Amino acid sequence: MATRLLFYLDGYDSAPWRDAFLALDPDLDFYSWPNWPAPDPNSPGFALVWQPPHGLLAERADLCAVFSLGAGMDHLLSDPQLPALPLIRMADDGLADGMAEYVLMAVLMLHRRMPHFIAQQKRREFVRAFAPAASDITVSLLGFGRLGQAAARLLAPVGYTLRAWSRTQKTGGEVAHFHGPDGLDACLQGSDIAVGLLPDTPETRHLMTEPRLRLLNPGGGLVNAGRGSLVDAKPLLAVLDSAHLSGAVLDVFEKEPLPADHTFWSHPGVIVTPHVASITRPASAAAYVMGAIQALRTGNTVPHQFEARRGY
Ligand code: NDP
Ligand code: OXD
C-alpha cells in the first residue's frame, strides 16, 4: 500500500516538498493542506507539519505518527488537543549545517565587536578597537545535541576554546563538557560567549538569569538561536546596559514576531534576526522522513522521537 503523507506548512509553496518526496518514492500519496483527504482508518498515514492550527491533528484518527518540520516541538506541544501519537523531531543534515553557519557568524560578530562597529558606523566614527585572538575566547554551547555538535565542528577550527552544557553527561572531543543543573554555572563562569541551542522545556525556561549572565566575562556576549524562552529581555537588557556584556545576537524570541516596539530592535548592542538561523530543506528532510517512516513501519526505533518525560 502506498504511504500517505499529510503536509502542513502555511504560507510557503508546497511544490518543492512534493517534488522532494516523490523523487524518493514516486508512489507516495502526498497531500498538502488544505487538500487533505477525509480520514480513512484503512489507509493510515503520517503527518509532516509546522505550526498546525490547534485541533487539526486531533481530527485525524488515521495517523500513525506526526513529524515536526523543525527540530523544536513547542509548536505541537502548545496544542491542547494534540493526539497521543509518536512525535518525531526534524533531524536532517541541512538543518544542522545551517545552524552551524549561523552560530559561527554570530560568534565571530561578537568576538570581532560588530555590534560596536555597526553603532560607530551609524555615528560616522572611525575609532579603532581590536579584538582578542580566537584562542583567547571561550565559547559555551548551551545544548550539545545535533545542532550544538554541528556548531562545535565549525567553531573548533577557528581556534575558540569550547565548552558545552547538556542534560546528560558527555565526554570526549575538543570540548570541555558540563551537564545537569549544577553544571550550568561552572560552564558559564569565565566564558566569553554563551550560545543558546536548547529546546523550550520547563527546565530551560528563563535559565539565563541576570546572575548567570554576569558569570560570563566582562565584554562577553550571548547568542540565542534555540528558543526565546531561554532568556527574559529584562535581565539581558540590564547586563547590556551596564556594559557587562558587549552584545547579543538573537534569532528567537519569547513572542514572535518580535513586537515592533520591543527595545531589542533599537538597542545598539543587539542584533536581531527573524528566526532564520536554520531552515529545514526539502531534499534532506524528505530523505530523513522517509527513512524514519521505514524504521517505524519495521518496528525499529527512530532516534529523534520526542520523549515527554524529558520535554524534547
Ligand atoms: P537536540 O535534542 O539534538 O539537542 C538538545 C540539547 O539540549 C541536548 O544536548 C540536550 O541534552 C540539551 N538539553 C535539553 N534540556 C536540557 C536541560 N534541561 N539541561 C541541559 N541541557 C538540556 O536538539 P537540536 O540540537 O536538534 O535542536 C535544539 C533546539 O534548537 C531545538 O529544540 C529548537 O528549539 C532550536 N532550533 C532553532 C532553529 C532556528 O532557526 N532558530 C532551527 C532549529 C532548531 P542531552 O544531550 O543530554 O540530551
Ligand atoms: C526548528 C526551528 O525548530 O526552525 O527547527 O526553529
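Ligands are counted one by one from 1 in listed order, and the atoms in each one are counted from 1 as well. The structure displayed is predicted, hence computed values, not measured ones.
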Give the single entry among [options] that approaches [atom] most closely by any heavy atom.
atom: atom 3 (O) of ligand 2; options: P199, S278, S68, G72; value: G72
atom: atom 41 (N) of ligand 1; options: T280, I279, D251, D74; value: D251
atom: atom 10 (C) of ligand 1; options: W165, Y102, Y312; value: Y312
atom: atom 3 (O) of ligand 1; options: R146, K170, H304; value: R146
atom: atom 4 (O) of ligand 2; options: E256, R227, R89, H275; value: H275

Judged by modelled atom types alone, do [X] and [Y] share a side-chain donor-acceptor pair under 3.5 Å?
X: H267; Y: D241; answer: yes
X: T273; Y: Y102; answer: yes
X: Y312; Y: R167; answer: yes
X: H244; Y: E210; answer: no

Separation between CE of M290 and CZ of F21, rounded to the nearest 0.5 Å: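 The distance works out to 7.0 Å.
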How far is [atom] from its nearest protein heavy atom, and which residue and atom is that?
atom: atom 5 (O) of ligand 2; answer: A71 N, 2.7 Å
atom: atom 17 (C) of ligand 1; answer: R167 CB, 4.0 Å
atom: atom 35 (C) of ligand 1; answer: G226 O, 3.4 Å
atom: atom 38 (C) of ligand 1; answer: M99 CE, 3.4 Å
atom: atom 36 (N) of ligand 1; answer: R227 NH1, 3.7 Å
atom: atom 23 (O) of ligand 1; answer: R89 NH1, 3.7 Å
atom: atom 18 (N) of ligand 1; answer: E203 CB, 3.4 Å
atom: atom 44 (C) of ligand 1; answer: L147 CD1, 3.3 Å
atom: atom 8 (C) of ligand 1; answer: G145 N, 3.6 Å

Are the aromatic rings of [X] and [Y] close, with centres under 6.0 Å apart?
X: H275; Y: F253; result: no
X: W17; Y: F7; result: yes
X: W165; Y: H179; result: no

Close approach of T201 to ligand 1, heavy atoms, under 4.0 angstrom: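 The answer is no: ligand 1 sits nowhere under 4.0 Å from a heavy atom of T201.
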Sub-4.0 Å heavy-atom approach of G70 to ligand 1: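 No.
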Contact check: A225 vs ligand 1, nitrogen or oxygen atoms, below 3.5 angstrom: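 Right, the criterion is met.
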Heteroatom distance test (R310, ligand 1): nitrogen or oxygen, under 3.5 angstrom: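 In this structure, R310 places no N or O atom under 3.5 Å from an N or O of ligand 1.
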Plane angle bin for F67 and F46 - parallel if under 30°, tilted between 30 and 60°, otherwise perpendicular: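 Tilted.
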In terms of atom number and element, which parts of ligand 1 are under 4.0 angstrom from non-hydrogen atoms of [X]?
X: V252; value: 41 (N)
X: F144; value: 6 (C), 8 (C), 9 (O)
X: H275; value: 39 (C), 40 (O), 41 (N)

Cluster link L162 to L104, ILVMFWY, side chain under 4.5 Å: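 L162 clusters together with L104.
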Residue R112 excluded, over 12 heavy atoms near CZ under 6.0 Å: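 At most 12 heavy atoms, drawn from other residues, nucleotides or ligands, come within 6.0 Å of this atom.
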More than 12 heavy atoms of other groups within 6.0 Å of E174 CD: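 Counting other residues, nucleotides and ligands, CD of E174 stays at 12 neighbours or fewer.
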Option from Q51, M73, H304 for which side-chain contact (heavy atoms from CB on, under 4.5 Å) with S68 holds: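 So the option named by the test is M73.
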Ligand-side contact atoms (ligand 2) for residue partner G70, heavy atom cut-off under 4.0 Å: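 Going through ligand 2 atom by atom, the ones under 4.0 Å from G70 are 1 (C), 3 (O), 5 (O).
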